[in-house]
**Q** 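One structure, pasted below without further comment.
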Amino acid sequence: MTFSRNLRFIGHIVSVLAFLSLGPRIAFADDAPARCQGADMLAEMQAKTPDIYKKVMAESDALPNTQAMLWKIDKPGVPTSYLFGTMHLSDPRVATLSPTVKEDIAQSKSVALEVADLSDKAVAAAMTKMAALIVYTNGESLKKDLTDQEYKDVQQTVAKAGMPGELAASMKPWLVSMLLATSDCERKQLAAGKTVLDLQVAAEAQKHGIAITGLETIEDQLSALASVPDDQQIAMLKVGLKYLDRADDMTETLVQMYVKRQIGAAMPFQLALAAESGISPSVFDGFKKSLLVDRNARMRDAALPLLDKGNAFIAVGALHLPGPTGLVALLRQSGYTVTPVE
């Protein structure tokens, strides 16, 4: 596919990523349920493979700063700020702000999300600029790295996302993995007007006239996703394809981890699924470094000027909070006292 044709292809993907981030501009799913239904795969693991479950939970319990999603940030002489871990889902068990969170937002003078502007225009501009990170522009094809059945599954996934299946060959593996991570039910929820937790935070801030800033740009996020080595992207995609028919179950598992404050189990659980699929957990090393360690440091740097002024409310994906390189630990290293709230 030539570069000019890739740019036309970008137009298809723009609508999909905007859809996944914000919800679509049209409503076509009147049959959307109150919430998606799925099985908790972690509970299933506990019943069927207790040894693996114990290993996953032992790794989760050993990870620091997993006991809360809302954290208070203090430093002498500076007004209190807050750090909030979100989940990019519309499930009402997740995407409902507690009275405490609403009050903390209302009393803030600034609110920061991962990205402030996820409008169609902003997404389109970023993706056109970063086209080579999203699609193959050098004649390569995703098809060559997959079995015939895997490629058929990818084509079906792309088609379900509203794009011609034949375009799958030009997609970078990380993008297909993103599509796999969003179930048909979640797409219906977004189509019916449901919003993810991050946008609930933004709406609450707007209600009080509070300025919203971004800790990153869309370009930053695309670069992080694309920076994972190609062979690792392929291996992670293969793991996702193994569980293609369990997208709702994967979502339910993440929801349960979030509401039970077991988010530290998310990565060990994913690595256990990889091992079960015959893929070494080491294929996630690039993902963890690019998407968590490196991004956490950049988010910390972007958040510090806001925190130094005080009365800031910082909301980022929950996986960015725990661990020795998580935001809670990084902010403590920067001289703040960070304590769990809820």
**Q** Does the pair Phe84 and Ile314 meet the rule for a side-chain contact (heavy atoms from CB on, under 4.5 Å), with working shown?
**A** CA-CA 6 Å; Phe84 182 50; Ile314 311 293; over 6 Å; no
**Q** Using 0.5 Å steps for rounding, measure from the CG atom of Leu304 to the CG atom of Leu331.
**A**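 Reported value, rounded in 0.5 Å steps: 6.5 Å.
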**Q** Hey, any chance Leu327 and Met257 share a hydrophobic cluster, counting ILVMFWY side chains that come within less than 4.5 Å of each other, even indirectly?
**A** no
**Q** Is Ser183 reaching over with its side chain to a backbone N or O of Asp248, donor-acceptor style, under 3.5 angstrom?
**A** no
**Q** Find out whether Arg246 and Glu44 are in side-chain contact, i.e. whether some heavy atom of one side chain is under 4.5 Å from a heavy atom of the other.
**A** yes
**Q** Answer yes when Glu114 and Arg295 have at least one side-chain N-carboxylate O distance shorter than 4.0 Å, and no when they do not.
**A**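 Yes.
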**Q** For residues 104-111, tabulate all N or O donor-acceptor pairs below 3.5 Å that involve a side-chain atom, not counting sequence neighbours.
**A**
unit_1: Gln107; atom_1: NE2; unit_2: Glu103; atom_2: OE2; d: 3.3
unit_1: Ser108; atom_1: OG; unit_2: Asp104; atom_2: O; d: 2.7

**Q** Start with the C-alpha gap between Glu140 and Asp145, add the side-chain angles, then the distance that decides, and say whether side-chain contact (heavy atoms from CB on, under 4.5 Å) holds.
**A** CA-CA 10 Å; Glu140 290 189 28; Asp145 294 309; 5.7 Å; no
**Q** Hey, does Glu276 have a side-chain heavy atom less than 4.5 Å from the side chain of Leu271?
**A** no
**Q** Can any side-chain N or O of Asp301 pair as donor or acceptor with the backbone N or O of Arg298 at less than 3.5 Å?
**A**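 Absent.
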**Q** Are Gln37 and Arg35 side-chain neighbours, meaning at least one heavy-atom pair lies under 4.5 Å?
**A** yes
**Q** What side chain to side chain donor-acceptor pair (under 3.5 Å) pairs are there with at least one residue in residues 154-164, not counting sequence neighbours?
**A**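 Qualifying pairs: Lys160-Asp184.
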**Q** Shortest non-hydrogen contact from Ile263 to Pro322?
**A**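 In terms of heavy atoms, the two residues are closest at CG2-CG, 4.3 Å.
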**Q** For the atom pair OG (Ser280) and CD (Gln232), what is the distance rounded to the nearest 0.5 Å?
**A**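 Going from OG on Ser280 over to CD on Gln232, the span is 9.5 Å.
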**Q** Which atoms form the tightest heavy-atom contact between Val341 and Ala68, and what is the distance?
**A** N-CB, 4.3 Å
**Q** Less than 4.5 Å apart, any side-chain heavy atom of Glu150 and any of Leu237?
**A** no
**Q** For residues Ser90 and Gln189, report the shortest heavy-atom separation together with the two atoms involved.
**A** OG-CB, 3.4 Å
**Q** Are Phe313 and Leu306 linked, directly or through intermediate hydrophobic residues, by side-chain heavy-atom contacts shorter than 4.5 Å (ILVMFWY only)?
**A**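 Different hydrophobic clusters.
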**Q** Please give me the minimum heavy-atom distance between Met236 and Val228, naming the atom from each residue.
**A** CE-CG1, 3.7 Å
**Q** Is there a chain of hydrophobic side chains (I, L, V, M, F, W, Y, each step under 4.5 Å between heavy atoms) that links Tyr151 to Val135?
**A** yes
**Q** Of all heavy-atom pairs between Leu63 and Thr66, which one has the smallest distance, and what is that distance?
**A**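 Reported closest heavy-atom pair: O-CG2, 3.5 Å.
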**Q** Keeping Thr253 on the side-chain end and Met41 on the backbone end, is there a donor-acceptor pair under 3.5 Å?
**A** yes
**Q** Using side-chain contact (heavy atoms from CB on, under 4.5 Å), reason through Lys75 and Leu307 one step at a time and then give a plain yes or no.
**A** CA-CA 9 Å; Lys75 178 186 280 188; Leu307 298 175; over 6 Å; no
**Q** So how far is it from Lys194 NZ to Leu89 CG, rounded to the nearest 0.5 Å?
**A** 12.5 Å
**Q** Is any side-chain heavy atom of Thr251 closer than 4.5 Å to a side-chain heavy atom of Asp91?
**A** no
**Q** Ignoring hydrogens and geometry, is there a side-chain-to-backbone donor-acceptor pair from Trp174 to Leu133 under 3.5 Å?
**A** yes
**Q** In this structure, would Met69 and Leu215 fall into the same cluster of hydrophobic residues linked by side-chain contacts under 4.5 Å?
**A** no
**Q** Using distance only, find each side-chain donor-acceptor pair of residues 94-102 under 3.5 Å and give its atom names and separation, not counting sequence neighbours.
**A**
unit_1: Thr96; atom_1: OG1; unit_2: Pro92; atom_2: O; d: 2.5
unit_1: Ser98; atom_1: OG; unit_2: Val101; atom_2: N; d: 3.2
unit_1: Ser98; atom_1: OG; unit_2: Glu342; atom_2: OE2; d: 2.4

**Q** Using 0.5 Å steps for rounding, measure from the CG atom of Asp61 to the CD atom of Gln67.
**A**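 Interatomic distance, Asp61 CG to Gln67 CD, rounded to 0.5 Å: 11.5 Å.
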**Q** Can you name the nearest heavy-atom pair linking Gln233 to Ala226, along with the distance?
**A**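 Of all heavy-atom pairs spanning Gln233 and Ala226, the closest is NE2-O, 3.4 Å.
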**Q** Determine, for Tyr136 and Lys172, whether the Lys NZ or Arg CZ falls below 6.0 Å from the six-membered ring centre while staying within 45 degrees of the axis.
**A** yes
**Q** Quick one: CG on Leu146 to CG on Leu142, what's the gap to the nearest 0.5 Å?
**A**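 With rounding to 0.5 Å, CG (Leu146) is 4.5 Å from CG (Leu142).
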**Q** Is a side-chain donor or acceptor of Arg93 paired with a backbone partner of Val255 at a separation under 3.5 angstrom?
**A**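 Checked: no pair found.
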**Q** Pro64: what forms a side chain to side chain contact (heavy atoms under 4.5 Å, CB included) with it, not counting sequence neighbours?
**A**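 Pro64 satisfies side chain to side chain contact (heavy atoms under 4.5 Å, CB included) with Pro324 only.
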**Q** Does the side-chain contact (heavy atoms from CB on, under 4.5 Å) test come out yes or no for Val283 and Asp231, once each step is laid out?
**A** CA-CA 8 Å; Val283 303; Asp231 60 332; over 6 Å; no
**Q** Under a 3.5 Å distance rule, please check whether Ser277 uses its side chain to pair with a backbone N or O of Ile279 as donor and acceptor.
**A**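 Judged by distance alone, no pair lies under 3.5 Å.
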**Q** Assess, by modelled atom type and distance only, whether the side chains of Asp285 and Ser282 contain a donor and an acceptor separated by less than 3.5 Å.
**A**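 No donor-acceptor contact under 3.5 Å links the two side chains.
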**Q** Would you kindly confirm whether Phe284 and Val293 end up in one hydrophobic cluster when ILVMFWY residues are joined by side chain heavy atoms under 4.5 Å apart?
**A** no
**Q** Taking the side chain as every heavy atom from C-beta outward, state whether Tyr82 and Trp71 have any pair of such atoms under 4.5 Å apart.
**A** no
**Q** Distance check, rounded to the nearest 0.5 Å: Gln270 atom CD versus Leu319 atom CG?
**A**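 If we round to the nearest 0.5 Å, Gln270:CD and Leu319:CG are 10.5 Å apart.
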**Q** Quiz question: by atom type and distance under 3.5 Å, do the side chains of Thr86 and Asp198 form a donor-acceptor pair?
**A** yes
**Q** Short question: side chain of Gln262, backbone of Gln256 - any donor-acceptor pair under 3.5 Å?
**A** no
**Q** Side-chain polar contacts of residues 48-59 - donor-acceptor pairs under 3.5 angstrom, sequence neighbours left out - could you list them?
**A**
unit_1: Thr49; atom_1: OG1; unit_2: Met45; atom_2: O; d: 3.2
unit_1: Lys55; atom_1: NZ; unit_2: Glu59; atom_2: OE2; d: 2.7

**Q** Per the side chain to side chain donor-acceptor pair (under 3.5 Å) rule, what does the pair list look like for residues 303-329, sequence neighbours excluded?
**A**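 Every side chain to side chain donor-acceptor pair (under 3.5 Å) pair that includes a residue of residues 303-329, provided the two are not neighbours, is Asn296-His320, Asp308-Tyr336.
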**Q** Decide yes or no for Met163 and Leu179: does some side-chain heavy atom of the first lie under 4.5 Å from some side-chain heavy atom of the second?
**A**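 SC-SC contact between Met163 and Leu179 confirmed.
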**Q** Verify the neighbour count for atom NZ of Lys289: are there more than 12 heavy atoms of other residues, nucleotides or ligands below 6.0 Å?
**A**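 Incorrect, the count does not exceed 12.
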**Q** Just wondering, do Leu225 and Leu175 contact through their side chains at under 4.5 Å, heavy atoms?
**A** no
